[in-house]
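Below is one structure, written out as structure tokens, with a few remarks after it.
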Amino acid sequence: MKAQNTKKALIIGAAGFVGGFLAEHLRDDLSRKTFLTKLPHEKINIDGCQVYDLDILKQDEVTSLLRDIHPDEIYHLAAQSSVAVSWKNPRLTSDVNISGCLSLLEAVRSIDDYSPKILLIGSGEEYGCLPKGVSLVSEETPITPANPYAVTKAAQNMFGRLYAKSYGMHIVMIRAFNHIGKGQLPQFAAADFCRQTAEILSGRRENIIRTGNLSAKRDFTDVRDVVRAYGLLAEKGRDGETYNVGSGKSISIESLLCEIINLSGAEIKRELDPQKLRPSDIPEIRADITKLQRDTGWKPLIPLSRTLSEMLTYELEKIREEKTDDSKG
Ligand code: A2R
């Protein structure tokens, strides 16, 4: 039984990769009464959470939902989050990521005597091209976004800061570095490698993993640690401030791949697939998480090896289920 003064949390864009993990964390660990939104065509089913359809671009609908629920905390996850899609469709990316964020901020502003905590989820991609020799980035490091997605997230961050300073709104901006876990789409390297490895182990493909640039070094964190940081930042993050969320360490994509191949126990070769190369790959980036740790006490708890092992098992199970479905006809 929940106490009368239980906080209400709303996750906008909850049907994506992070949304389910965040919903479970808010519901179970923080005892929040949790409300979720999804697009009409999406599916989401998390016990104990009420689900609504919402297109973030429809400000009137955002306003009326906020009036109905009156959440104390709003986690804004809704986004066009693919860098590749952002090159192909920068206008859609800009609409969803910038205008969508403005729909939310303006909807909140339009409601009298309403001042929820708002978390705007941005990305480590905002930092973009770093000066030679720089790989560790703090929130003070100048940003040079290097793709349309990163530009839109930088704009969201600036609007968040502006609205917090100008209107006294309780907005915290986050720059999340690479987060990984079960159910991630294969457009991300770790999920892609786990999927390919699972296909090899299931006899669905030859013993070769196709890769992009393996030398790039990135900062990986388990998505469950990431959503724990979001919960802490909703409670303790300072208004108008930006927080990096990452492990603070970088590892090469090559090491990530080796770890997955080792976990598989199989002899697997790799082959460069030019289609997986990105035009402006940044050699190394990792998050300075001093500010996050100082203000919240957060630290990552789940080792990368455990995350990768669970991701591989998840992909193997998915293939097993696909086979069962196929055999049922
Ligand atoms: O594009 P879809 O069909 O996958 O739907 C995404 C949804 N979304 C929207 N929601 C409401 N109104 C819209 N106009 C709209 N357009 C897209 O937001 C998807 O279900 C969700 C975002 O989830 P993901 O793309 O899986 O992102 P993820 O990995 O959960 O990252 C959460 C946040 C995003 O803001 C990222 O840019 C950031 O963390 O790194």
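Order of appearance sets the numbers: ligands from 1, and atoms from 1 within every ligand.
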Task: Distance-minimising heavy-atom pair for V151 and P145 - done: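 Taking every non-hydrogen atom into account, N-CB, 3.7 Å.
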Starting from [atom], locate the nearest protein heavy atom and write down its residue, its atom name and how far away it is, to 0.1 Å.
atom                    : result
atom 14 (N) of ligand 1 : D55 OD1, 2.9 Å
atom 28 (P) of ligand 1 : V18 CG2, 3.7 Å
atom 23 (O) of ligand 1 : G16 CA, 3.4 Å
atom 39 (O) of ligand 1 : I121 CG2, 3.3 Å
atom 21 (C) of ligand 1 : G13 O, 3.8 Å
atom 15 (C) of ligand 1 : L39 CD1, 3.7 Å
atom 7 (C) of ligand 1  : A79 O, 3.9 Å
atom 3 (O) of ligand 1  : H41 NE2, 3.3 Å

Open item on the list: Quick check against the 3.5 Å criterion: does S255 have a side-chain atom that pairs as donor or acceptor with the backbone of I251?
Closed with: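 Checking the backbone N and O of I251 against the side chain of S255, no donor-acceptor pair under 3.5 Å is found.
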Will you find, in the side chains of [X] and [Y], an N or O donor that is under 3.5 Å from an N or O acceptor?
X    : Y    : value
S103 : Q59  : no
Y163 : D239 : no
T242 : N157 : yes
E73  : Y75  : yes
Y52  : Q50  : yes

Task: Close side-chain approach of R205 and Q196, heavy atoms under 4.5 Å - done: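 They are in side-chain contact.
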I'd like to check whether [X] has a polar contact with ligand 1, where a contact means an N/O of the residue lying under 3.5 Å from an N/O of the ligand.
X    : result
S81  : yes
E42  : yes
Y149 : yes
F17  : yes
K153 : yes
A15  : no
A78  : no
L57  : no
Q80  : no

- [ ] Determine, using heavy atoms of G122 and all atoms of ligand 1, whether some pair is separated by less than 4.0 Å.
- [x]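 The answer is yes, since G122 has a heavy atom less than 4.0 Å from ligand 1.
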Open item on the list: Does only the side chain of V96 get under 4.0 Å from ligand 1, or the backbone, or both, or neither? Count heavy atoms.
Closed with: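 Within the 4.0 Å criterion, V96 contacts ligand 1 through side-chain atoms alone.
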Open item on the list: Taking 4.0 Å as the limit for heavy-atom contacts, which would you say applies to S123 with ligand 1: side chain only, backbone only, both, or neither?
Closed with: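 It is neither part, as no heavy atom is under 4.0 Å.
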Open item on the list: Given the ring of F177, does R218 sit roughly above its face, with NZ or CZ under 6.0 Å from the centre of the six-membered ring and within 45° of the axis?
Closed with: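 No.
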Short N-O contact, [X] and [Y], less than 4.0 angstrom:
X    : Y    : value
E235 : K7   : no
E106 : R109 : yes
E284 : K132 : no

Task: Atom indices of ligand 1, in the order listed, that fall short of 4.0 Å to a heavy atom of L54 - done: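 Reading through ligand 1 atom by atom, the close ones are 11 (C), 12 (N).
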TODO: Go through ligand 1 atom by atom and flag the ones less than 4.0 Å from a non-hydrogen atom of L77.
DONE: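 With L77 as reference, the close atoms of ligand 1 come out as 22 (C), 32 (C), 33 (C), 34 (C), 35 (O).
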Open item on the list: For a ring pair (Phe, Tyr, Trp, His ring centres under 6.0 Å) check, start with the C-alpha distance between Y114 and H70, then their side-chain angles and the critical distance, and finish with the verdict.
Closed with: CA-CA 8 Å; Y114 180 48; H70 223 74; 4.4 Å; yes
Task: Partner of L292 by side-chain contact (heavy atoms from CB on, under 4.5 Å), out of L233, L232, I174 - done: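 Answer to the side-chain contact (heavy atoms from CB on, under 4.5 Å) test with L292 among L233, L232, I174: L233.
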Open item on the list: Quick test of your reading of the structure: of D95, I174, I56, whose heavy atom lies closest to atom 13 (C) of ligand 1?
Closed with: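 Of the listed residues, I56 has the closest heavy atom.
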